[in-house]
S.K.: 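I am attaching a structure below and will ask some questions about it afterwards.
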Amino acid sequence: MDSDREASESQKDVVATTSTALSAQLEKIISRADSSYVPPSARAKRRSRAKADDRFAARKNFLEAPRSDPNAFERIIGESDLLSINFLDRGKRAAAAVCRIRVPSDGGAWYGTGFLVGPRLLLTNHHVLGDEDEASQCEAEFGYEHDIDGVLRDPVCFNLRPHEIFYTNAELDITFVAITPLSDDGVPLDRYGRLPLIPLSGKAVDGEWVTIIQHPGSEPKQIAIRASQIVTLDPTSAVGIDLSQFIHYSTDTQPGSSGAPVLNDQWQVLALHHKAVPAPSKPGAVVKDPVWIANEGIRISAIFSLLEKERFAKRQAGLVLDRLDKSLGLSPMSQGISVGETLLEADRKPLQVSRWAGVRGYDAGFFKSNPIDLATIYAPLLAAGKVAPLLDGSGYELAYHHFTSVIHEERKFPLITAVNIAGGKLIHPGKRKDTWRRDARIADEYQPDGAFYEKAKGNDPVQFSRGHQVRLLDPCWSALSDDVERLEEAQAGSEDTFHYTNAAPQVQSYNDIDWGNLEDYLLDKAQTSEKRLTVFTGPIYRDDDPYYGKGRKGGPWKVPLSFWKVAVLQKTTTKIAAAAFIVGQTQYVQALYEAKVFSGLKPYTVDEMRKRRIQTTIAAIEEATGLDFSAVKPFDAHGTLETTRRTRWINDMDDVVI
C-alpha cells in the first residue's frame, strides 16, 4: 500500500467538524508568533533531525519490543507522543530508587538528590557529597513524597557507609557511596529497587523527550515528566565543552535537584543531573537573577569510562564497577583478581632455544580438507606494525609443542595463540608444575614476567594471576606409538604453556572453567573418531583499556578486559564448523546489543547473565581485533543463521551453536 493510501486508511475513523468558524478561529490562534502549537512542518524537521543523529541507530537498539511499547519508535522520530499506559507504573517503580540526601551543617542541613544504581550503592554529585567524613554524617531519605491522596509520607532513613565504598571525582562531579541494607526502623533497602546504569552511549538522540525525578529545593519528590528535550550542540562551536562527557537538555530543576537521574522513555538513565546553564551575559556584568536556559548532566557512558580508566589504579573504582555489574546480572570482574600472593607460581630462567629445534608449533594443515594459515590471520596487524619480531629475525611466530603464540608489539601480551587439539590422542601430563618462564627467542620487553604479576613487586591495590591463553591440557597429546615418548611429548606441551608469551593478566576466573568446559564440550560434539579441534585465542585490545603497574619495573601496562576465542571443529572427515566466543567486558561489545539484552528496567535475569560470556560471530571478532578470519568465516555456524540476532549469552554448553 502506498503512503497516500496508508494515510487514508489510518484516518478513515477521523470525524471532521462542520463548523467553519471554529476552523478559522483555531487557524488564527496557532498562526500567532507566540503560539506553542507545533505545526506538521516542524514535526517533519524533528523527524529528519532525529534520523540524522549519529546515535539514532544505537538508540533503536534500546527500544523495547512493540508489544511492550507500541509507539516507542514513533516518539523518537517525532511521529507520535502516545505512551503505553504502563509508562506510569514503570515510572513509579523507577522513582522509588530516587532519594533525598540530607547533609547536616551548622544551623541545620542542606539537601541534594541521589539514586540507587546497584546493590547498596548510591550515586549523586561530588558537590553534594565531597568527602567520606561528610558522607558518614549524612542520611538517604527514601519515600519522601505525597501519596495518591496527597498525604505527605514520612521519609525512610538509611545511613551511608563510606568506609565500605566511597568513590568521588570532582572534575566529573560524581560520587558513589555504599548504603546500609536496613533503615533505622528495619526497612530493607531492596524494597526501593535500583536504576541500573547501561555503559554504552546512544540512549538518547537530539530532540528526544527526557524525564527527571528530583527533590527540588529539599521538597518532596517531584518529576518533570517529558518536559525536556535533548539539545545537541555543534562540536565546532562548543569550544571548551567536552560533549563526550556531558549532555544538555531543558527541564525544570531547582537547588536540591543535583544528583537526580535523567531518564528516557524506557526509564533508562541517560545522565546524572548536576547543574543549570544560564543565558549568556555581557563580560564583567553582575547578574543577580540569571535566566536559566538549559541544564547539564554527566553522561553515564562518561562515568563508566572514568571508572574503567581507574579500575586498577584506585581500589574504590573497582568496587563500584563490581556493584554496577551485579545490577546488570554480571559476575564481578574482581572475582578473578587476587589480593594476595599467587600460590605456588614462581619465575624460572628461560629454557635453551635448542629445546624447540624441529618443533612445528601450530599446524596449518591440521584439517586436511581445510588448511588455515596463521600468518594470514594476523597479516593486517603485521602490516600495521603491531606484531613483535623474534630476536633472530626469522619471523614473528613462537612455535611450541602443538601451539604457536604471536605477541602484540605495543601491548606486550599475546596478540593471538593457535593450538591444535587431537582429542583422541590426549595424554594427562601428570602433576602440574606452576613455574613460569620468559622465552629466550623474543625480547624481554615483550613478555611481562613476575615484575607484573607478583604483588611484592609493586604497591598496586590489585594483583593479577597469570592467565593461560592456550590452556594447560590442550597441547598435551601425541601421535607417537611409544608410551614413554608419548608422555614426554605431552609433558613438554604442558611445560610450554607456562611461558609468559602464553600469558595475559587474568581478570576473572574464566581460563580453566569457562573456556575449558567449552573446549571439552566441542570435542565431545566432534563426530569423527579423531575428535580434532583448533582453537585461536587472544585478548581484545582497546584504546580505553585501564593502566596498571605505574610504579612497577617495565610499567605501566594497559590491561585488556575482554578475551575472544574462535574454535574450529572437525565434524566429519571433509567438513568443519566454527564458532566465536567472547568473555570479559561483554557489555562493551556493540554486537551484544543486537540481542536486545535490555528491556526497560528488566535486563536478563541474574541466572541468565551470571557469566560474562557470549557466543557471537567471527565477523564481530574481526571487527573487535582487526584480525582476518576469512579462512574460517564461511564455516561460522552462528553467523549464517537466518536471523538478525548475532549474539547470545552462554549459560551452559547446550546453548552453543556449532
S.K.: To the nearest 0.5 Å, what is the distance between CZ (Phe413) and OG1 (Thr501)?
M.R.: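 Result: 12.5 Å between the selected atoms.
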S.K.: Testing the basics here: between Pro429 and Ala490, what is the closest heavy-atom pair and its distance to 0.1 Å?
M.R.: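 Between these two residues, the closest heavy atoms are CB-O, 4.0 Å.
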S.K.: Salt bridge between Arg438 and Asp444, side-chain N to carboxylate O under 4.0 Å?
M.R.: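 Looking at Asp444 together with Arg438, the answer is yes, because their closest N to O distance falls below 4.0 Å.
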S.K.: How about Glu445: does its CD atom have over 12 heavy atoms from other parts shown lying under 6.0 Å from it?
M.R.: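 Correct, the count exceeds 12.
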S.K.: Just checking, any donor-acceptor pair under 3.5 angstrom between side chains of Arg360 and Thr404?
M.R.: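 No.
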S.K.: For Phe464 and Phe312: C-alpha separation, side-chain torsions, deciding distance, then whether ring pair (Phe, Tyr, Trp, His ring centres under 6.0 Å) applies.
M.R.: CA-CA 10 Å; Phe464 296 101; Phe312 303 129; 4.8 Å; yes
S.K.: Do Asp483 and Arg486 meet the salt-bridge criterion of a basic N to acidic O distance under 4.0 Å?
M.R.: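 Counted as a salt bridge, because a side-chain N and a carboxylate O are separated by less than 4.0 Å.
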S.K.: Nearest 0.5 Å, please: how far is OG1 in Thr617 from CG in Asp636?
M.R.: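 So the CG of Asp636 and the OG1 of Thr617 are separated by 6.0 Å.
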S.K.: Taking all heavy atoms of Leu351 and all of Ala440, pick out the closest pair and write down the distance.
M.R.: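 Scanning both residues, the minimum pair turns out to be O-CB, 4.1 Å.
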S.K.: Decide whether a cation-pi geometry holds between Arg441 and Tyr400; the criteria are a distance under 6.0 Å from NZ or CZ to the six-membered ring centre and an angle within 45° of the ring axis.
M.R.: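 Because its charged atom sits under 6.0 Å from the ring centre and within 45° of the axis, Arg441 does stack over Tyr400.
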S.K.: Using modelled atom types and a 3.5 Å cut-off, is there a donor and acceptor pairing between side-chain atoms of Asn502 and backbone atoms of Thr497?
M.R.: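 Checking the backbone N and O of Thr497 against the side chain of Asn502, a donor-acceptor pair under 3.5 Å is found.
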S.K.: Which residue is it: Lys314, Glu310, Gln316, Arg315? I am looking for the one with a side-chain hydrogen bond (donor to acceptor under 3.5 Å, both in side chains) to Tyr167.
M.R.: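 The residue from Lys314, Glu310, Gln316, Arg315 that satisfies side-chain hydrogen bond (donor to acceptor under 3.5 Å, both in side chains) with Tyr167 turns out to be Glu310.
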S.K.: Determine yes or no for a side-chain-to-main-chain donor-acceptor pair under 3.5 angstrom, with His468 supplying the side chain and Val470 the backbone.
M.R.: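 Side chain of His468 to backbone of Val470: no pair is present.
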S.K.: Does Phe366 offer a backbone N or O that forms a donor-acceptor pair with the side chain of Arg532 under 3.5 Å?
M.R.: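 Yes; judged by distance alone, with no hydrogens or angles, the pair exists.
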S.K.: One thing to verify: whether Glu410 and Lys558 come together as a salt bridge, which I'm taking to mean a side-chain N less than 4.0 angstrom from a carboxylate O.
M.R.: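 A salt bridge is absent here (no side-chain N lies under 4.0 Å from a carboxylate O).
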S.K.: Judged by atom type as modelled, is there a donor-acceptor pair below 3.5 Å linking the side chain of Asp545 to the main-chain atoms of Arg542?
M.R.: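 The answer is yes, because a donor-acceptor pair under 3.5 Å joins these two groups.
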S.K.: Do we see a donor-acceptor contact under 3.5 Å between the side chains of Tyr500 and Arg466?
M.R.: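 Indeed, the side chains of Tyr500 and Arg466 share at least one donor-acceptor pair under 3.5 Å.
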S.K.: Quick one: which of Lys386, Glu397, His408 gives a side-chain hydrogen bond (donor to acceptor under 3.5 Å, both in side chains) with Tyr378?
M.R.: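 So, applying the side-chain hydrogen bond (donor to acceptor under 3.5 Å, both in side chains) to Tyr378 and each of Lys386, Glu397, His408, only Glu397 qualifies.
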S.K.: Determine whether Ile303 and Leu172 make a side-chain contact, defined as any pair of heavy atoms from C-beta on separated by less than 4.5 Å.
M.R.: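 When only atoms from C-beta onward are counted, Leu172 and Ile303 do touch, with a gap below 4.5 Å.
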S.K.: Assess whether side-chain contact (heavy atoms from CB on, under 4.5 Å) is satisfied between Phe536 and Ile621, documenting all intermediate values.
M.R.: CA-CA 11 Å; Phe536 303 95; Ile621 302 297; over 6 Å; no
S.K.: Is it true that a side-chain atom of Thr435 and a backbone atom of Arg348 form a donor plus acceptor pair closer than 3.5 Å?
M.R.: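 Checked: no pair found.
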S.K.: Report yes if some heavy atom in the side chain of Leu480 is under 4.5 Å from a heavy atom in the side chain of Asp482; otherwise report no.
M.R.: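 No. Closest side-chain heavy atoms not under 4.5 Å.
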S.K.: CZ of Phe403 to CD of Gln469: how many Å apart, nearest 0.5 Å?
M.R.: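 It is 10.5 Å, given to the nearest 0.5 Å.
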S.K.: Could you check whether Trp356 and His402 have their ring centres less than 6.0 Å apart?
M.R.: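 Ring-ring flag for His402/Trp356: false, centres at least 6.0 Å apart.
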S.K.: Inspect the contact between Arg437 and Asp449 and indicate whether a charged nitrogen and a carboxylate oxygen are less than 4.0 angstrom apart.
M.R.: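 Salt bridge between Asp449 and Arg437, a charged N being under 4.0 Å from a carboxylate O: no.
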S.K.: Would you mind checking if Glu489 and Lys425 are paired as a salt bridge, meaning a charged N to carboxylate O distance below 4.0 Å?
M.R.: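 Looking at Glu489 together with Lys425, the answer is no, because their closest N to O distance does not fall below 4.0 Å.
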S.K.: Would Lys633 and Glu622 count as a side-chain contact (heavy atoms from CB on, under 4.5 Å) if you check the C-alpha gap in whole Å, the side-chain angles of each, and the deciding distance to 0.1 Å?
M.R.: CA-CA 10 Å; Lys633 196 156 50 174; Glu622 288 182 320; 2.7 Å; yes
S.K.: Looking only at heavy atoms, what is the nearest atom pair of Gly450 and Asp347, with distance?
M.R.: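 Closest heavy-atom pair between Gly450 and Asp347: N-OD2, 3.2 Å.
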S.K.: For the residue pair Ile442 and Gln447, establish whether any side-chain heavy-atom pair is separated by less than 4.5 Å.
M.R.: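 The answer is yes; the side chains approach within 4.5 Å.
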S.K.: Identify the two heavy atoms, one from Leu391 and one from Ala443, that lie closest to each other, and give their separation to 0.1 Å.
M.R.: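 Of all heavy-atom pairs spanning Leu391 and Ala443, the closest is CG-N, 3.7 Å.
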S.K.: Mind checking the CG-CD1 spacing from Leu381 to Ile416? Nearest 0.5 Å is all I need.
M.R.: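 Those atoms lie 9.0 Å apart.
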S.K.: How close do Ala364 and Asp373 get, counting heavy atoms only, and between which atoms?
M.R.: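 Minimum heavy-atom separation between Ala364 and Asp373: CB-CA, 4.2 Å.
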S.K.: For the residue pair Asn420 / Thr534, report whether a side-chain donor-acceptor contact shorter than 3.5 Å exists.
M.R.: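 Yes.
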S.K.: If we only count heavy atoms from C-beta on, is the Asp439 to Ser405 side-chain gap below 4.5 Å?
M.R.: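 Asp439 vs Ser405: side chains apart.
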S.K.: Please check if the side chain of Ser305 supplies one atom and the backbone of Ser301 the other of a donor-acceptor pair under 3.5 Å.
M.R.: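 No, the answer is negative, given that no donor and acceptor are paired below the 3.5 Å cut-off.
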S.K.: Do Trp564 and Phe581 have ring centroids that are under 6.0 Å from one another?
M.R.: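 That pair fails the under 6.0 Å test.
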S.K.: How far apart are the closest heavy atoms of Asp460 and Gly549, and which atoms are they?
M.R.: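 Of all heavy-atom pairs spanning Asp460 and Gly549, the closest is OD1-N, 3.3 Å.
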S.K.: Does any non-hydrogen side-chain atom of Trp436 lie less than 4.5 Å from one of Tyr453?
M.R.: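 Counting from C-beta outward, Tyr453 and Trp436 never come under 4.5 Å.
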S.K.: Between Lys412 (side chain only) and Glu409 (backbone N and O only), is there a donor and an acceptor less than 3.5 Å apart?
M.R.: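 Yes: the side chain of Lys412 pairs with the backbone of Glu409.
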S.K.: Output yes when Arg355 and Asp496 qualify as a salt bridge under the 4.0 Å nitrogen-oxygen rule, no when they do not.
M.R.: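 Here Arg355 pairs with Asp496 in a salt bridge, since their nearest N and O are under 4.0 Å apart.
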S.K.: How far does OH of Tyr362 sit from OG1 of Thr417, to the nearest 0.5 angstrom?
M.R.: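 Answer for the OH-OG1 pair, Tyr362 versus Thr417, is 11.5 Å.
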S.K.: If I take atom CG from residue Leu197 and atom CG from residue Leu121, how far apart are they, to the nearest 0.5 angstrom?
M.R.: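 Here the rounded value is 8.5 Å.
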S.K.: Can you check whether Asn169 reaches Leu306 side chain to side chain, under 4.5 Å on heavy atoms?
M.R.: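 Contact flag for Asn169/Leu306 side chains = yes.
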S.K.: Can you tell me if Asn459 has over 12 outside heavy atoms packed within less than 6.0 Å of its CG?
M.R.: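 Not more than 12 within 6.0 Å, no.
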S.K.: Taking the six-membered ring for Trp, are Phe629 and Phe635 closer than 6.0 Å centroid to centroid?
M.R.: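 No - the distance between ring centres of Phe629 and Phe635 does not fall below the 6.0 Å cut-off.
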S.K.: Without swapping roles, check the side chain of Glu454 against the backbone of Ala456 for a donor-acceptor pair under 3.5 Å.
M.R.: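 No, the answer is negative, given that no donor and acceptor are paired below the 3.5 Å cut-off.
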S.K.: Please test Leu426 against Ile421 for side-chain contact (heavy atoms from CB on, under 4.5 Å), starting from the C-alpha separation and ending with a verdict.
M.R.: CA-CA 8 Å; Leu426 286 170; Ile421 307 170; 4.2 Å; yes
S.K.: Given side-chain contact (heavy atoms from CB on, under 4.5 Å), test Leu561 with Arg311 step by step and report yes or no.
M.R.: CA-CA 11 Å; Leu561 300 179; Arg311 176 191 283 273; 4.2 Å; yes
S.K.: Are any of the side-chain heavy atoms of Pro389 and Ser394 separated by less than 4.5 Å?
M.R.: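 No, side chains not in contact.
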S.K.: Please check if the distance between the ring centroids of Tyr548 and Trp557 is under 6.0 Å.
M.R.: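 Ring centres of Trp557 and Tyr548 not closer than 6.0 Å.
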S.K.: Is any side-chain heavy atom of Glu488 closer than 4.5 Å to one of Val484?
M.R.: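 Yes, close enough: below the 4.5 Å cut-off.
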